[in-house]
Amino acid sequence: MNKFRHKAKEMGLDPNVWFGNVENSAASIAGRETVQYVGNIYKYYVAYTMLAERLQENADAFNTGTKGG
């Protein structure tokens with residue numbers, strides 16, 4: 001990771017931001033497939049996090065609605 005961040009800095013990119021910055025330097029060192037894999041994992045993480053939040057909101061709304069009636 002430090003190697004990717006150092007390369008990003010050399011390329012004039014922000015070494016503290018993955019998407020659009022360190023990912024480009026990582027692709028030049030490790031290959032695009034590795035970077036694409038990380039991006040896919042992140043997309044699943046975001047999707048599952050949003051789903052979990054939505055389910056919790058629905059459960060809270062249901063519990064609030066049934067206790068008040």
Side-chain angles (χ1 to χ4, degrees):
M1 197 63 171
N2 286 332
K3 190 176 186 180
F4 299 155
R5 293 179 72 222
H6 181 71
K7 175 82 172 179
K9 192 171 183 178
E10 286 179 353
M11 295 169 67
L13 303 170
D14 187 341
N16 298 316
V17 176
W18 175 262
F19 293 106
N21 291 275
V22 176
E23 77 171 314
N24 293 333
S25 66
S28 72
I29 295 170
R32 188 73 205 147
E33 292 156 357
T34 302
V35 172
Q36 194 170 7
Y37 175 78
V38 172
N40 288 338
I41 296 299
Y42 183 70
K43 282 187 259 183
Y44 282 114
Y45 167 77
V46 169
Y48 286 127
T49 300
M50 290 174 67
L51 176 62
E53 289 172 0
R54 171 91 38 102
L55 290 172
Q56 186 61 53
E57 289 170 4
N58 288 345
D60 292 345
F62 178 78
N63 290 335
T64 302
T66 57
K67 288 181 181 178

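Everything quoted here is computed from the prediction, not taken from an experiment.
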Heavy-atom pair of closest approach, residues Ala30 and Phe4:
CB-CZ, 3.9 Å

Rounded at 0.5 Å granularity, tell me how far CD in Gln56 sits from CG in Leu51.
11.5 Å

Give the cluster check for Trp18 versus Met11: same hydrophobic cluster or not, with ILVMFWY residues linked at side-chain heavy-atom distances below 4.5 Å.
no

Donor-acceptor contact present, side-chain Ser25 to main-chain Val22, <3.5 Å:
yes

Heavy-atom closest pair, residues Ala8 and Pro15
CB-CA, 4.3 Å

So CD1 of Ile41 and OH of Tyr44: to nearest 0.5 Å the spacing works out to 8.0 Å

CA sep, side-chain torsions, deciding dist, call: Val38, Tyr42, side-chain contact (heavy atoms from CB on, under 4.5 Å):
CA-CA 6 Å; Val38 172; Tyr42 183 70; 5.6 Å; no

Test side-chain contact (heavy atoms from CB on, under 4.5 Å) on His6 and Glu10; report intermediate values, then the result.
CA-CA 6 Å; His6 181 71; Glu10 286 179 353; 2.9 Å; yes

Minimum heavy-atom distance between Val35 and Ala27, given as atom pair plus value:
CG2-N, 3.5 Å

side-chain contact (heavy atoms from CB on, under 4.5 Å) between Asn16 and Arg5, intermediate numbers included
CA-CA 7 Å; Asn16 298 316; Arg5 293 179 72 222; 2.4 Å; yes

Would you kindly say whether Asn40 and Gln36 are connected by a side-chain donor-acceptor distance under 3.5 Å?
no

Distance from Asp60 atom CG to Leu55 atom CG, nearest 0.5 Å?
11.0 Å

Tightest non-hydrogen contact, residues Asn21 and Asp14, listed as OD1-N, 3.0 Å

Heavy-atom pair with the smallest gap, counting every atom of Gly39 and Phe19:
CA-CE2, 4.4 Å

